[in-house]
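All remarks here apply to the structure that follows.
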Protein chains: 2
Amino acid sequence: MDTRERLIESTRTLLWERGYVGTSPKTIQQLAGAGQGSMYHHFSGKEELARAAIDRTAEELRAAAEAQLSGPGTGRERIAAYLRRERDVLRGCPVGRLTQDPDVMAAPALRAPVEETFSWLRTRLAEVVAEDDGGLDPAATAAAIVATLQGGYVLARAADRTEPFEQAIEGILALLKTR
Amino acid sequence: MDTRERLIESTRTLLWERGYVGTSPKTIQQLAGAGQGSMYHHFSGKEELARAAIDRTAEELRAAAEAQLSGPGTGRERIAAYLRRERDVLRGCPVGRLTQDPDVMAAPALRAPVEETFSWLRTRLAEVVAEDDGGLDPAATAAAIVATLQGGYVLARAADRTEPFEQAIEGILALLKTR
DNA sequence: GTCTATAACTCGATAGAC
DNA sequence: GTCTATCGAGTTATAGAC
């Protein structure tokens with residue numbers, strides 16, 4: 001892995017753990033094993049590097065979701081597979097956590113990939129919900145599903161246990177059942 | 001409002017907007033119209049001040065929830081009243097956002113009120129869910145309800161619109177209906 | 001491409017005058 | 001109780017040597 005790559009990967013890790021406000025160029029350089037000059041050679045600054053990191057994380061999230069949602073089974077089964085997929089629950093969602101970061105939301109370049117990720121996810125889930133007609137509003141149901149996932153991370157982090165996350169997922173799946 | 005009070009209120013505002021990591025004593029002092037010495041006279045430092053602010057915010061959240069949950073109507077009606085209550089959606093949840101703050105979660109004194117708030121909320125909602133027997137697991141359903149709320153804020157902030165929040169709320173309420 | 005040096009500033013806190 | 005001065009460390013970036 002070359003220096004540029006190590007800088008992006010280190011930034012991804014730190015953005016996930018500490019957010020944009022809590023991550024300094026110095027920490028990124030230390031984790032990447034790169035010097036100050038090296039970072040500023042490859043990127044114009046913290047923001048451009050964060051953009052590269054967020055873009056990659058958003059792309060991965062989308063690919064992971066699509067893998068479950070385009071798999072085999074009925075719409076409901078694929079949603080269950082998506083929700084029950086193995087996740088790093090206590091670390092939270094690497095994209096969702098950025099919505100709480102004021103400096104990310106204030107910078108159009110950083111905000112855009114976050115906005116697009118959730119917009120895509122809600123739309124994609126609504127399509128899957130619409131496949132099985134249960135008399136549900138696809139957009140509202142899709143929003144509730146994504147929200148349960150994002151909120152589940154909040155509950156798990158608050159409790160420092162994965163149990164509330166799992167309860168939330170099983171709770172919404174029970175509600176979706178037989179509909 | 002005396003200086004001590006203004007410091008706490010300013011801290012509450014800033015913790016909500018920018019989180020703990022993103023809030024400096026200097027900013028707090030400026031918003032409160034207080035000097036450096038004043039802050040350090042009333043509080044030992046940033047952490048103690050944050051604890052006072054978080055305690056108050058947590059107490060308010062709990063009182064606001066209890067007002068809806070102990071109101072009139074069936075369990076389901078009170079849950080709907082709670083979820084549909086007017087909220088500052090784009091600002092997000094002042095307690096939930098703290099779960100994303102690494103320095104809050106690392107400090108036991110700051111973490112405790114956050115943990116207790118969500119623990120209480122899940123328990124209280126489970127009691128209300130259990131009132132109307134619909135064959136649902138109260139703990140799982142309660143977790144799903146709180147998660148939808150918390151995740152709804154994430155979706156609204158990502159979109160910079162309140163609509164996805166409202167869709168998530170109506171989505172879960174539709175799923176809860178007739179159960 | 002990567003390094004070190006330095007700049008100008010902010011961070012969280014302490015000291016001591018008033 | 002509140003003020004200003006100061007501290008040592010960290011922040012984000014630029015400059016220029018190698």
Side-chain angles (χ1 to χ4, degrees), chain A residues 1-55 97-98 100-111, chain B residues 1-56 97-98 100-111 113:
Chain A
M1 197 158 41
D2 65 9
T3 301
R4 187 192 153 86
E5 201 57 26
R6 287 201 316 276
L7 284 164
I8 295 176
E9 288 302 315
S10 299
T11 305
R12 295 219 298 152
T13 301
L14 289 166
L15 284 182
W16 195 357
E17 275 173 18
R18 304 198 41 86
Y20 186 76
V21 165
T23 297
S24 72
K26 187 172 194 173
T27 319
I28 295 169
Q29 292 151 26
Q30 285 169 342
L31 187 59
Q36 191 92 319
S38 204
M39 186 190 117
Y40 285 99
H41 169 74
H42 292 288
F43 300 95
S44 66
K46 182 180 172 179
E47 185 175 328
E48 195 178 294
L49 180 45
R51 171 68 197 239
I54 295 173
D55 274 345
R97 79 110 59 226
L98 298 173
Q100 300 298 328
D101 213 307
D103 292 1
V104 168
M105 299 322 267
L110 301 182
R111 181 205 183 83
Chain B
M1 198 159 40
D2 65 10
T3 302
R4 187 192 154 85
E5 200 58 25
R6 287 202 315 278
L7 284 164
I8 295 176
E9 288 303 316
S10 299
T11 305
R12 296 218 298 151
T13 301
L14 290 166
L15 284 183
W16 195 357
E17 275 173 17
R18 304 198 41 84
Y20 185 76
V21 166
T23 298
S24 72
K26 187 174 193 173
T27 320
I28 295 170
Q29 292 149 26
Q30 284 170 342
L31 186 59
Q36 191 92 320
S38 207
M39 185 190 118
Y40 284 99
H41 169 75
H42 292 288
F43 300 94
S44 67
K46 182 181 171 178
E47 185 175 328
E48 194 178 294
L49 179 45
R51 172 67 196 238
I54 295 173
D55 275 346
R56 187 173 297 180
R97 78 109 60 227
L98 299 173
Q100 301 297 329
D101 213 308
D103 292 2
V104 169
M105 300 321 269
L110 301 181
R111 181 204 183 84

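Naming: A, B, ... by sequence-line order, numbering from 1 per chain.
- B:Gln30 has its side chain out of reach of B:Ser10: every pair of non-hydrogen atoms, C-beta onward, lies at least 4.5 Å apart.
- When distances are taken from the side chain of B:Ser24 to each of C:dT2, D:dG1, C:dC11, the shortest belongs to C:dC11.
- Two residues are said to be in side-chain contact when any heavy atoms from C-beta on lie closer than 4.5 Å; A:Thr23 and A:Thr11 fail this criterion.
- Residues A:Arg18 and B:Asp103 have side chains in contact (heavy-atom distance under 4.5 Å, counting atoms from C-beta outward).
- Of the listed nucleotides (D:dT14, C:dT2, D:dG1), D:dG1 has the atom at the smallest distance from the side chain of B:His41.
- We find that B:Arg6 and B:Glu9 are not joined by a salt bridge, their nearest charged nitrogen and carboxylate oxygen being 4.0 Å or further apart.
- If you measure from atom CE of A:Met39 to atom C1' of D:dA15, you get 16 Å, rounded to the nearest angstrom.
- Spacing between atom CG of B:Leu7 and atom P of C:dA13 amounts to 14 Å, rounded to whole angstrom units.
- Screening B:Glu48, B:Arg4, B:Glu5 against B:His42 for a side-chain contact (heavy atoms from CB on, under 4.5 Å) leaves a single residue, B:Arg4.
- With DNA chain D read from its 5' end, the first of the two nearest nucleotides for B:Arg4 and A:Gly37 is the one closest to B:Arg4.
- Within the 4.0 Å cut-off from OP1 or OP2 of D:dT11, not a single side-chain nitrogen or oxygen of A:Lys26 is found.
- The side chain of B:Pro25 sits closest to C:dG12 out of D:dT12, C:dG12, D:dT2.
- The separation between B:Tyr40 atom OH and C:dA17 atom P is 20 Å, rounded to whole Å.
- Here the side chain of B:Gln36 is nearest to one of C:dA13, D:dT2, C:dA5, namely C:dA13.
- Atom CD in A:Gln29 sits about 11 Å away from atom P in C:dT4, given to the nearest Å.
- Not one side-chain nitrogen or oxygen of B:Thr3 sits closer than 4.0 Å to the OP1 or OP2 atom of D:dG1.
- Counting to the nearest Å, the P atom of C:dC3 and the CD atom of A:Gln30 are 13 Å from each other.
- In this structure, the CG atom of B:Leu14 is 12 Å from the P atom of C:dC11, given to the nearest Å.
- In this structure, B:Arg6 places its CZ atom 14 Å from P of D:dG1, rounding to the nearest Å.
- Closest approach to the B:Ser38 side chain among D:dT2, C:dT14, D:dA13 is made by D:dT2 (side chain taken as heavy atoms from C-beta onward).
- Atom CZ in B:Phe43 sits roughly 13 Å away from atom C1' in D:dG1 (whole-Å rounding).
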